[in-house]
Colleague: 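Below you'll find the structure I mean.
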Amino acid sequence: MNTLYYFVLIPMVYFSFTVFFVGTGIRLVKIFRKPKQSTSLQIYPEKRPQWLWALHDTFLFPSVRKHKPVLWIFLILFHVCLLLLMIGHLELFGEFRIFQIIPHEVFLGKGFVGLILCLAVLFFLFRRFLSPVRELSVPEDYYLLILLFLIVLFGSQMDWARRWYGYEELLVEDYRTYLLSLLTLKPELPYNVINSGHSFMLVLHVFFANLFLIFFPFSQSMHSFLSLPMNKLRRG
Amino acid sequence: MDPKTREDLLKLFQGKLNEAMTFYLETCTRCGVCIEACHVYASMGKVRYIAAYRQEIVRRIYKKYFKARGNVWPSVGDAKELNDMALEELYEAAYSCTGCRRCMVYCPFGIDTQMIMSIAKLLLVGAHSEPEILTLLADTSIEKGKSLDIFKESFLTGIKKLEKDVVKKWKMEAGGTPIPMDVQGADLLFVALAGAHSIIPTAAIFNAAGENWTLSFFEAVNFGAFVGDPGRTQLILDRIVKEAKRLKVKEVCICECGTAFRVMKQLAGKQPFKVSSVTEVHARYIKEGRIQLDRSLLNGVVTYHDPCQIARNGDVIDAPRYILKHLTNHFREMSPDPKYNWCCGGGGGLVALGEETLDFRMKSSKVKADQIKRTEATTVVTACENCHTQLCNLNDHYQMGVDVKFLSSMVADALVQK
Ligand code: HEM
Ligand code: SF4
Ligand code: SF4
């Protein structure tokens, strides 16, 4: 069992992060080095300044708000919570002054961020089972959402355990030791991290996250990087 | 399909994969925001007419041959082999899409379905499965560019016959040429369509405005663009560019033809002349006081159909409204926002295919007919040959009882002779 935990928590993490960063980097460089479209792809009437409107379209999804308002609410919640979670994970490495402008315990949002994400992902998933989005979807769309759901569920469980059910065995300090050791390339697994009652949750969380990171550069998730340049093309 | 054919087709595909196209093929999240955007889906309700579904027909082939994933795990993206059945699907997707780009307005990323369909069209050309008539027409245009001298005489005689009709609309001073041709150093080169209705009214307006103009030997329409063949599109375009350079004109003015205008404006590249639509030029004459229009000729509500390639995709939006303000006091917008105007359903070569597509064109454009009915207009004006034909067909089919008119001919009819 310990070997399995070790494998998921150390070598596989290194592997997946390498694939994620190198894969995404190479793919983006390759795409951006392709010949540019010689004609305009703009939609009119135009609004200036165009780069500002492109940013607006990219981050606020105005067309979704207009045509699918319910989806829009979940999308905004989902993407904002995703951002908060990224901050949360950074804080698992150590203290960051800037993030503590609003003082909080690690994992912003008192556990609700994870809950909202779970619900949002379930919403995305279930709407894919309804026609006609169902006919449009391909397996990748479901796999990504299922993976995300599993990641968020097991991740949130650890947070909820501490906050909501007073299960105080796996602490932020333990994670910090583990993650910093990974970062400094001297990997170690503190006793608590693999021997507490909730260690299996951590292992599952990390396992699914690894799968997600490995798949990311090759999937439609690349929309997160391509959205801005595409919206710029439309705005001219 | 034999392996050699497939290899050749994939090479054509590869050639299309520039940066923007790769963005579009990599990105769709199949979120379904574009579902209601397409007039064909909105009118007929079949899933295969949703923009994202059409894209996916092309994207599946991309996933099979141009992503590493296609070898390792093709099923994760429903990757599909390029075979004869795929070609049929490509045909169905591409020739039921008018390339109006209304769906592009909806998509949170701005994916251009028309551009993705251009891959489908090119593969069909490569497999000799495109609508032959379009290629034939394109080749005729190209031939005319190559051997202008053979056509020249008969064309000039034909044009001479139209001159008395031009004079009927606008009396010129003695000695003027109603339809000048081949004028070195003219200010404006007018590129019309083959057909008197495209030449006569605008000629009268040019004369009324005292324009120093000349008529092109070539017709504006670009069948190469309809059939999605970049080589032919360019050759057809080049004929006009060459003529404009030879005559040293300052401006090339494209008649009421959406495709011709967009192709000319965007594909011509940097040139010593500017490109404008005839609508813009007419609006300019009114603004500069070069022509006066009689506002009392029209009764009833007038509405304007924005041709997709001219408005949403070509930025000519204010000019027609400015002209209409000088033609009627009863103008009513069709759509609250021109970028959301429904396509007439005739673009992308569908009208050019004539009777063959009539049934589909009528069924797929029910939403357009409904939109027109809601305006309660008695006159529907437009500024594109394709749209005009399609709107006339819709008028008959849905018994709308409206008058479908070209904006240019309305301007010509309302000219006030000083
Ligand atoms: C900043 C640019 C971004 C834009 C414009 C954007 C837009 C969208 C849109 C329109 C969807 C469709 C939801 C659906 O499938 O129903 C979506 C879903 C999603 N986005 Fe983003 N997103 C962005 C950034 C990101 C980032 C940084 C991530 C990080 C991983 C991300 C991950 C996801 C995921 C996992 C989904 C759910 C996929 C699904 O529903 O199938 N997005 N996003
Ligand atoms: S709106 Fe755009 S991303 Fe969403 S399904 Fe349609 S084409 Fe794909
Ligand atoms: S370009 Fe127009 S016809 Fe084609 S899919 Fe989009 S909305 Fe439909």
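Nothing here was measured: the structure is a model prediction, and the numbers come from that model. Order of the sequence lines fixes the chain letters, A, B, ..., with proteins taken first and strands second; residue numbering starts at 1 for each chain.
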Colleague: Which atoms of B:I317 come close to chain A, meaning under 4.5 Å heavy atom to heavy atom: side chain ones, backbone ones, both, or neither?
Modeller: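 Only the side chain of B:I317 comes within 4.5 Å of chain A.
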Colleague: For B:M21, which atoms come within 4.5 Å of any heavy atom of chain A: side chain, backbone, both, or neither?
Modeller: neither
Colleague: Which bit of B:V105 is near chain A, if near means a heavy-atom gap under 4.5 Å: side chain, backbone, both or neither?
Modeller: both
Colleague: Got a second to check how far B:I111's CD1 is from A:L233's CG, nearest 0.5 Å?
Modeller: 11.5 Å
Colleague: Please give me the minimum heavy-atom distance between B:V47 and A:P132, naming the atom from each residue.
Modeller: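 Looking at all heavy atoms of both residues, the closest pair is CG2-CB, 4.2 Å.
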Colleague: At a heavy-atom separation under 4.5 Å, does B:C28 approach chain A through its side chain, its backbone, both, or neither?
Modeller: backbone
Colleague: Going from SG on B:C107 to CD1 on A:I43, what distance comes out if it is rounded to the nearest 0.5 angstrom?
Modeller: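 Spacing of SG (B:C107) from CD1 (A:I43) equals 11.0 Å.
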Colleague: If you define the side chain from C-beta out and look only at heavy atoms, does anything of B:V76 sit under 4.5 Å from A:F215?
Modeller: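 Yes, side chains in contact.
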Colleague: Given heavy-atom pairs under 4.5 angstrom as the criterion, report whether the side chain, backbone, both or neither of B:A68 touches chain A.
Modeller: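 Neither part; nothing is under 4.5 Å.
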Colleague: Take a 6.0 Å sphere around CZ of A:F93 and say whether it holds more than 12 heavy atoms from other residues, nucleotides or ligands.
Modeller: yes
Colleague: To the nearest 0.5 Å, what is the distance between CZ on A:F32 and CZ on B:F23?
Modeller: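 It is 4.0 Å, given to the nearest 0.5 Å.
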Colleague: Just wondering, more than 12 heavy atoms not from A:F17 lying within 6.0 Å of its CZ?
Modeller: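 Open.
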Colleague: Just by distance, which donor-acceptor pairs between chain A and chain B come in under 3.5 Å?
Modeller:
unit_1, atom_1, unit_2, atom_2, d
A:R27, NH1, B:E26, OE1, 3.2
A:R27, NH2, B:E26, OE2, 2.7
A:P35, O, B:E19, N, 2.9
A:K36, NZ, B:E19, OE2, 2.9
A:Q37, OE1, B:N18, ND2, 2.7
A:L41, O, B:R101, NH2, 2.9
A:Q42, O, B:R101, NH1, 3.4
A:Y44, N, B:R312, O, 2.8
A:S63, OG, B:Y106, O, 2.6
A:H67, NE2, B:Y340, OH, 3.0
A:K68, NZ, B:E36, OE1, 2.8
A:R127, NH1, B:C31, O, 3.1
A:R127, NH2, B:C31, O, 2.7
A:R128, NH1, B:R30, O, 2.7
A:R128, NH2, B:T29, O, 2.7
A:E140, N, B:V76, O, 2.7
A:E140, OE1, B:R69, NH1, 3.3
A:E140, OE1, B:R69, NH2, 2.9
A:E140, OE2, B:R69, NH1, 3.4
A:D141, OD1, B:R30, NE, 3.2
A:D141, OD1, B:R30, NH2, 2.9
A:D141, OD2, B:R30, NE, 2.7
A:F218, O, B:K67, NZ, 3.4
A:F218, O, B:R69, NH1, 2.6
A:N231, ND2, B:P108, O, 3.2
A:R234, NH1, B:M104, O, 2.5
A:R234, NH1, B:C107, O, 2.8
A:R234, NH2, B:C107, O, 3.2

